[in-house]
Protein chains: 2
Amino acid sequence: MSIEDLSIILKEKGFKVTPQRLAIYDMLKNTKSHPSIDMIYNSLKDNFPTMSLATVYKTVDMLKKLNLVQELNVGEGSFRYDANVASHPHVICYKCHRVDDLEDADFDDLIEKVNKLTDYDIKNQKLYFYGYCPQCKGKDTAK
Amino acid sequence: MSIEDLSIILKEKGFKVTPQRLAIYDMLKNTKSHPSIDMIYNSLKDNFPTMSLATVYKTVDMLKKLNLVQELNVGEGSFRYDANVASHPHVICYKCHRVDDLEDADFDDLIEKVNKLTDYDIKNQKLYFYGYCPQCKGKDTAK
DNA sequence: GTGTTTGCAAATATTTTGCAGTAAG
DNA sequence: CTTACTGCAAAATATTTGCAAACAC
């Protein structure tokens, strides 16, 4: 979704269109790095000298509630974010903590499978696969 | 694994066998609630009046490194722990935040599948399924 | 102009660390 | 008796909140 589309959605919902909101969404939309709040803040503060962490937190929370970003819990002390809201697995490097999408995989049938196995009414899934990325694998120094 | 077995392992590794360590592992072993550090601390402090949060953090970290507990990141502000270290999916209630095991499911083939799809060397997986538990489903008030 | 948003600073929550006293072996 | 461990308190880290000034509309 483009910045223009975001502007339309924000207006429809009665939210104001601010440069900070557009910049944060634009940054998330144009990266595959699955950044944390801090990484978003640091990548934007040069162009927005007054950008604050609080604004990044508030904006990401809003985007999450609008279902325009998804939150990942890869096992670090902080969350990471992905503007690709389609349910897709993530692979995480034990060593360099890189987070990549696994886009070609079709694991959507798992929700149905799990629904049959439990009395829960399952709506969503988060699948994380851990190992060593191409750059880190082979090089000793384990986990 | 029993408290006695834990004692043996601790001794083998050169760690001391303390009442706190046994109590924390025993608590984790005998619950299916996937407690957070705080929940462990609160459930033990009545019987161990001097139990401290720091000791719970340190002990759980040790158990994690010994591969006697696994850490879950279900999307809250803190981690949860499971003394069942076998790789098994978890189901989480959006409403009451209950975390249950999905023990009958066999999803072990996913690691192989993912290994073929990426250049990562995948070693482990964490699968989370979100929805409404039997007690919460049906009752309005969404997510 | 009105009402929301920003960004600072303070507050809260979670986890880690330093260290003196305590307990395990 | 020696060394590791506990538990307190302080520090470090992550996130949330209150509020005055600034901005969107």
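In this text, all values refer to a predicted model and were calculated from it rather than measured experimentally. In what follows, every chain begins at residue 1, and chains take the letters A, B, ... in the order their sequences are listed.
- Between A:D101 and A:H90, the closest side-chain pair of non-hydrogen atoms falls below 4.5 Å.
- Side chains of A:L68 and A:Y25 form a contact here, defined as non-hydrogen atoms less than 4.5 Å apart.
- For the pair B:F107 and A:K113, the minimum side-chain heavy-atom distance is below 4.5 Å.
- One can place CZ of A:F48 at 17 Å from P of C:dT5, the figure rounded to the nearest angstrom.
- Contact annotation: A:R21 does not reach the phosphate of D:dA24 (side-chain N/O to OP1 or OP2, under 4.0 Å).
- The phosphate of D:dC23 (OP1 or OP2) has no side-chain N or O of A:Q20 nearer than 4.0 angstrom.
- In this structure, B:T50 reaches the sugar-phosphate backbone alone: every heavy-atom distance under 4.0 Å involves primed, P, OP1 or OP2 atoms, never a base.
- End-to-end axis angle for the helix from C:dG1-D:dC25 to C:dG25-D:dC1, using five pairs per end and rounding to 10°, comes out at 40°.
- Inter-residue side-chain proximity for A:Y128 and B:Y128 is flagged as met; some heavy-atom pair is nearer than 4.5 Å.
- Straight-line distance from the CG atom of A:N73 to the P atom of D:dT15: 11 Å, rounded to whole Å.
- Here the C1' atom of nucleotide D:dT15 and the OH atom of A:Y41 are 15 Å apart, to the nearest Å.
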Q) Taking protein heavy atoms under 4.0 Å as touching, what does nucleotides 13-25 of chain C look like 5' to 3' if B marks base contact, S marks sugar-phosphate-only contact and - marks none? A) -SBBBB-----BS
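- If you look at A:Y132 and B:Y120, their ring centroids are not closer than 6.0 Å.
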Please tabulate, for side-chain N and O atoms in residues 8-21 of chain B, each donor-acceptor pair with protein atoms closer than 3.5 Å (sequence neighbours left out).
residue, atom, partner, partner atom, Å
B:T18, OG1, B:R21, N, 3.2
B:R21, NH1, B:K16, O, 2.8

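- Summarising the geometry, the separation between CG on B:L44 and P on D:dT6 is reported as 13 Å, rounded to the nearest angstrom.
- One interatomic measurement links the two molecules: NZ of B:K13 to C1' of D:dA4, which rounds to 17 Å at whole-angstrom precision.
- When side chains are defined from C-beta on, B:D38 does not count as touching B:V56, because their heavy atoms never get closer than 4.5 Å.
- Looking at B:K32 and B:E103, a side-chain N of the basic residue comes within less than 4.0 Å of a carboxylate O on the acidic one, giving a salt bridge.
- If you check the side chains of B:H88 and B:D82, you find a donor sitting under 3.5 Å from an acceptor.
- The shortest distance between the side-chain N/O atoms of A:S52 and the OP1/OP2 oxygens of C:dT6 is not below 4.0 Å.
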